[in-house]
*Asks:* 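Please read through the structure below; I'll follow up with questions.
Read the numbers this way: they start at 1 and go in the same order the structure lists the ligands and their atoms. Heavy atoms only: backbone and side chains are in, while hydrogens, waters and symmetry mates are out. These numbers were taken from a predicted model, which means no experiment stands behind them.
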Amino acid sequence: MSIPDIKSVLKIALGPSSSHTLGALKIGQKVRKFLNSLEDVEFNRIKVKLLGSFALTGKGHLTDKAIIAGLNGYEVDKSSNSILNEYTKVNKRNKIDTGIQKISFSKDDIILDKDDSSYSHPNTVLFTIYSNQKKYNKKFISIGGGEIEEINKNGNISQKKQTKSKGLTRIISECNKNNINIIDYILSFEKNIYGYEKNELYRYLGDIWDLMEKNIEDGIRKEGVLPGNLQLNRRAKEMYDSFIDNLRSWKLLSRQITLSSIYAIAVAEENASGAKIVTAPTCGSAGVIPATLKVMMEKYHYPKKKILNALLVAGLLGAIAKGNASISGAEVGCQGEIGVASSMAAGAICFLMGGTLEQIDFAAEIALEHHLGLTCDPAGGLVQIPCIERNAVGAITALNSANLSLLRKTPNKIKFDSVLDSMMEIGGDMSKKYKETSLGGLASRFTC
Ligand code: SF4
């Protein structure tokens, strides 16, 4: 299997969750395509059943509404509406508009089945589509980072875990053997495997970075209560203002640690509010990379091109994690989201500071190693507690991991690839209570 495309890791999405919101939206869009491919068939009803984590935390993540919005033709880049508004439109008219036909809809057509445990993947959705002549069944899973797969009639799912892509160790050895720097290596596989020209890729990453900066700026400006039953107040603005007021007398730790934490919280709050966001590698962990790269840029005045190269390095690490392990909280817990985000950021910071490839591996390894076992137990099924603060902690770990790696001259015993394998093993053994179901841990102690 090839290394996944960097664009599939760093991409524009809508918060609050890449698997539960963006993935659900894509599933709706895919079913819409299927309906429209059968031009002569008149459909009269679509029943949707959400299972597993989709059923348990789908309400807080807008999973049900995103599926209906996708069926109705909603697209992140083209629609000015929000998912919620699109759903409200469908619900008011009691019709899903596929662009070719209008199909009757009632909110009772969506069932969140919390008791059915017959699923093989925690983010599963079943469709029963009725026409005058026959009934069609469709089954999809959302595997993390906004990626989805259809399960066929034989129950076959992704081949992704059966063949691994190249790991970081092999990439580093190829770079060293052929005397290629890591950026040229990434640009060449993006061109050779995915056909992306260098300029196109930099343009894409330029948009990604612009949105990351916008999310920080918006997040430190906005006030108010975040959506959902937790009634959680935004904190980034208050913290940022207080930091600026006390700048001269600031005694608490370093400026970069403090600012990166505030920036990470700002982006995570934007995500929780359903804003347009960059998956890095997921919506829930979207704050770590922008926050750390922003403080590095502010401190060392790097030109934008250098930050885009750092995003390439972060994207490569995320792509390896996605191809060889998982970036889904529902599959391996938060180690796959904040843990992977922190390792991506650590590698990118190390790159910015002129670290060797071995030091980049070490930085990513440290950051992920110390997130191993991290559970996903969001209170009320919302990407807020612990997710928002967890972005700040992931950012600090990334900065510290890069620092530690830059101090080392001797080879590191454990490699990033091995920690990814460990993450998968631990994720496999982790109780489903701690994998985005909100059935245990923090989630069971904070009820709305
Ligand atoms: S706890 Fe972590 S994995 Fe779970 S929703 Fe929050 S950020 Fe995502």
Side-chain angles (χ1 to χ4, degrees), residues 9 13-24 52-54 56-63 66 122-123 142-147 215 226-228 230 232 264-274 277-291 318 321-322 325-345 367-368 370-395 397-398 423-424 426-427 430-446:
V9 177
L14 283 176
S17 165
S18 37
S19 55
H20 288 56
T21 319
L22 180 63
S53 174
F54 262 12
L56 291 156
T57 63
K59 278 270 174 244
H61 290 117
L62 303 180
T63 308
N123 299 332
S142 178
I143 58 174
E147 301 287 321
N215 288 149
L226 292 168
L230 288 175
L232 202 65
I265 287 175
V267 178
E269 287 180 350
E270 277 299 277
N271 176 60
S273 75
I277 208 95
V278 177
T279 62
T282 63
C283 289
S285 58
V288 177
I289 292 173
K322 183 180 169 201
S326 174
I327 55 168
S328 164
E331 205 173 358
V332 295
C334 199
Q335 46 176 357
E337 296 206 12
I338 295 287
V340 170
S342 188
S343 67
M344 291 165 69
L368 185 59
H370 301 289
H371 281 98
L372 285 180
L374 191 65
T375 55
C376 169
D377 44 1
L382 296 164
V383 191
Q384 296 181 9
I385 299 174
C387 321
I388 293 172
E389 277 169 12
R390 197 165 276 179
N391 275 270
V393 175
T397 301
M423 180 180 85
M424 284 309 282
I426 294 164
M430 197 183 271
S431 160
K432 78 169 188 183
K433 285 200 299 185
Y434 309 122
K435 293 197 278 193
E436 213 165 350
T437 55
S438 289
L439 290 173
L442 279 174
S444 60
R445 278 158 191 86
F446 284 90

*Asks:* Quick one: report the N, O or S atom of Glu337 that is nearest to atom 8 (Fe) of ligand 1.
*Replies:* OE1
*Asks:* Which atom names give the shortest non-hydrogen contact between Thr282 and Ser18, and what distance separates them?
*Replies:* CB-OG, 3.1 Å
*Asks:* If you measure from the Lys or Arg side-chain nitrogens to the Asp or Glu carboxylate oxygens, is any gap between Lys322 and Glu147 under 4.0 Å?
*Replies:* yes
*Asks:* Considering Ala330, Cys387, Gly329, Ser285 one by one, which has a heavy atom nearer to atom 5 (S) of ligand 1 than any of the others?
*Replies:* Cys387
*Asks:* Please verify the inter-ring angle class for Phe54 with His20; under 30° counts as parallel, over 60° as perpendicular, anything in between as tilted.
*Replies:* perpendicular
*Asks:* Do Leu56 and Ser438 touch side chain to side chain, with heavy atoms closer than 4.5 Å?
*Replies:* no
*Asks:* Considering the options Ser53, Ser326, Ser19, which one meets the side chain to side chain donor-acceptor pair (under 3.5 Å) requirement together with Glu331?
*Replies:* Ser326
*Asks:* Within a distance under 4.0 Å of any heavy atom of Cys376, pick out the atoms of ligand 1 and give their elements.
*Replies:* 1 (S), 3 (S), 4 (Fe), 5 (S)
*Asks:* Do any N/O/S atoms of Cys334 come under 2.8 Å of atom 2 (Fe) of ligand 1?
*Replies:* yes
*Asks:* Using a 4.0 Å cut-off to any heavy atom of Arg390, which atoms of ligand 1 qualify?
*Replies:* 1 (S)
